[in-house]
Every structure is written in structure tokens, then in C-alpha cells.
Amino acid sequence: MLGKLLKKDFTATGRFFLPLLGGYAIAAVVAKLLIEMVFRSTDLFSYDNPISSGLTIFSIIYFTMCVIYLIACYLMTTVFVVYDFYKTMVSSHGYLTHTLPVTTGMLLWSKVLVAVIWSLAVNLLIGLSLLLLFAGHFPESGMFQTLRDLFRFLDVNFGTYIFYMLFNMIMGLFHTPLMFFSCIAIGQLWREHRIMGAILSYIGIHTGTQIFGTVMLIVTGNGLFSSPYSGSYHGYLLVTTIFGILMTVLFFLVTWYILSKKLNLE
């Protein structure tokens, strides 16, 4: 049944995400063509050449629009995932959703996996587009050596940092939608003003996690700036990663419990 739910949810959400991703892919290809034309123009900044001047102005405007599109892709991905969950799970449409012969856990897993896969697709597409855009034009610099020196100062192995970064990126794909889902579920406990309840829940959870991160940075960072090889930053990464895992699991359990035990669609 989970496979059928995934197919249903992908069909419904694909109507939004496919045009969004397709439009960005086309925009990225056009941007690559423009940047190649700009780099190959020998008289790019020649005011006597109207073609080069026009190309420069158009390229600047177009790249600005691409950056806005890139930001919109991230924002709209989150917005639509949250909207789809709200519409199909806790709004009047939820009456149909919850009459399906499946458990609440399956419904929730379907929503989470769909959100994860679309978010992963957006991130991969944007990452590949940026690599395509600047391919062949990366300036030679000591960037990697600078990063290695920084990790050495923080007493963090480069490979260890990459592991934490990749792990937290993957966990974030689950953490972010589940945080929003749990806030929506908590908002349903309010008999009135449920949307306001969800918003206040998000503010409270987000503020609490930010405070925890700041406190842990201070606690584990006692020797961060006084002792270059204290290993405190490694401790910070470890603690915040464990905290992220626990919060992700908690978000899932809270959402599942409220939707299965406390949901009131009246």
C-alpha cells in the first residue's frame, strides 16, 4: 500500500514540481550559454560596441533573475510540501485521506518520502546547474588549503567534517518537513485558530533549537578560541548531530500520535 500512496502523492505533487524543475533546468542552460558568450567576448566592456554592452546588461539582469529563481525553488519546495500536507491531511480534504484503508503511519511515511525525494531532486538539480555554470572558469586559489588549515585549527579531521556535513544534509531532508508537519499537527490541538497554533508552534520549536545550538556552541567551545587543538568543535558537531536525530524522531512521533489519536477535522 505504501507504494500506491507514493504513486498517488507523486502524481499530485508532480504537477507543481515538474514545471518548477523543468523551468529551472532550461534557465540554467541559457545561463551557461550566456556566461560562455560573456567570457569569450574580447571587447566585453567596450562602450563603442553596442552588441557587447547590450549582452553585458542583459546577462546581469538574467543572472539576477536566475538567482531569484534559485531562491524561489528552495522556498516553493518547502511551501508546497507544507501546503500539500495541510490540504490532504488536516483540512476538509483530510476526510477522504483518512478513509483510505491504510494506517496513519503509512500516510505520514508517504508524505515524508515524497518531500525528501523532491527536496533531493531540487538540491541535485541546483548543484549540477551551478557546476555547469562555472565549469571551466574556476579560478586557481588556495581555497582547499585554507579549509584544511581551518579544520586543523579546530582539531577536526577533513574527512570527519565531510562525514558530518553529508550526514546532516541527509538528515535535514527528513528533519525539515517533519518539523513543519509536527507544527501543523500541534496546531490541530487548538480548537480555534489552528493555523495560528501551527505558526506559534513553529516559532517556539525553531527558537528552542536555535537557543540549544547557541548554548552547545558556547559549552563545547570553551577552548575553541583559546586552544587551537582542543577538539571542541568536534564535540559540537557530535552533540548537535545527535540532537538533530532525536528531534527528527520526536517530530515524527508527535505528528503520528496527534494524527492517529487526537485529530479533529471539525
Side-chain angles (χ1 to χ4, degrees), residues 6 9-47 49-84 112-151 156-177 180 237:
L6 287 171
D9 285 334
F10 272 120
T11 301
T13 55
R15 298 168 186 170
F16 171 81
F17 281 108
L18 291 178
L20 178 71
L21 297 180
Y24 183 82
I26 294 173
V29 171
V30 174
K32 177 60 176 177
L33 295 175
L34 277 175
I35 201 171
E36 291 299 325
M37 292 173 64
V38 168
F39 276 108
R40 293 176 186 275
S41 180
T42 57
D43 54 351
L44 179 63
F45 299 103
S46 174
Y47 295 100
N49 190 329
I51 297 179
S52 294
S53 299
L55 176 62
T56 303
I57 295 173
F58 178 77
S59 298
I60 293 173
I61 296 174
Y62 186 83
F63 289 140
T64 302
M65 294 176 63
C66 282
V67 171
I68 295 174
Y69 198 162
L70 184 150
I71 297 172
C73 282
Y74 280 116
L75 292 178
M76 293 307 297
T77 297
T78 302
V79 168
F80 191 76
V81 163
V82 172
Y83 172 74
D84 179 72
V112 172
L113 291 176
V114 167
V116 167
I117 293 173
W118 281 125
S119 297
L120 183 61
V122 170
N123 281 279
L124 287 176
L125 178 60
I126 291 177
L128 291 174
S129 70
L130 293 176
L131 288 176
L132 172 67
L133 185 62
F134 297 106
H137 302 291
F138 285 107
E140 296 184 3
S141 65
M143 180 180 63
F144 288 104
Q145 185 58 43
T146 301
L147 287 175
R148 290 183 182 276
D149 291 340
L150 175 62
F151 293 141
V156 178
N157 181 270
F158 185 78
T160 302
Y161 178 81
I162 295 299
F163 167 78
Y164 278 115
M165 182 184 69
L166 292 177
F167 182 85
N168 281 281
M169 286 175 60
I170 295 172
M171 182 179 65
L173 294 174
F174 292 86
H175 179 93
T176 300
F180 284 109
L237 291 174

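Heavy-atom basis, side chains included; hydrogens, waters and symmetry copies ignored. As the structure is a computational prediction, the values presented were derived from the model and not from experiment.
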Open item on the list: Apply side-chain contact (heavy atoms from CB on, under 4.5 Å) to residues Leu20 and Tyr69 and explain how you reach the verdict.
Closed with: CA-CA 9 Å; Leu20 178 71; Tyr69 198 162; 3.9 Å; yes
Open item on the list: Test of understanding: with side-chain hydrogen bond (donor to acceptor under 3.5 Å, both in side chains), list the residues that count as partners of Asp84, not counting sequence neighbours.
Closed with: Lys111
- [ ] Can you sort out the partners of Phe180 under side-chain contact (heavy atoms from CB on, under 4.5 Å), two or more places apart, ordered by chain and number?
- [x] Thr78, Val82, Thr176, Tyr202
TODO: Using the test side-chain contact (heavy atoms from CB on, under 4.5 Å), find all partners of Tyr62 that sit at least two apart in sequence or belong to another chain.
DONE: Ala27, Val30, Ala31, Leu34, Phe58, Cys66
Task: For Leu120, all residues meeting side-chain contact (heavy atoms from CB on, under 4.5 Å), sequence neighbours excluded - done: Leu124, Leu173
Task: OH (Tyr83) with more than 12 external heavy atoms under 6.0 Å - done: no
TODO: Looking only at non-hydrogen atoms, find the nearest pair between Pro177 and Ala115 and report the distance.
DONE: CB-CB, 3.8 Å
TODO: For Tyr164 and Asn168, work out which heavy atoms get closest and say how close.
DONE: O-ND2, 2.6 Å
- [ ] Write down the atom of Ser129, the atom of Ile126, and the distance for their closest heavy-atom approach.
- [x] OG-O, 2.6 Å
Task: Which residues share a side-chain hydrogen bond (donor to acceptor under 3.5 Å, both in side chains) with Thr13, sequence neighbours left out - done: Trp118
Open item on the list: With rounding to the nearest 0.5 angstrom, report the CD1 to CG distance, Ile26 to Leu21.
Closed with: 11.5 Å
Open item on the list: As an exercise, state the distance from CZ of Phe63 to CD1 of Ile68, rounded to the nearest 0.5 Å.
Closed with: 14.0 Å
- [ ] Tell me, please, which residues at least two apart from Ile61 pass side-chain contact (heavy atoms from CB on, under 4.5 Å).
- [x] Ile57, Met65
TODO: Measure up the Phe17 and Phe80 rings against each other and bin them: parallel (under 30°), tilted (30 to 60°), perpendicular (over 60°).
DONE: perpendicular
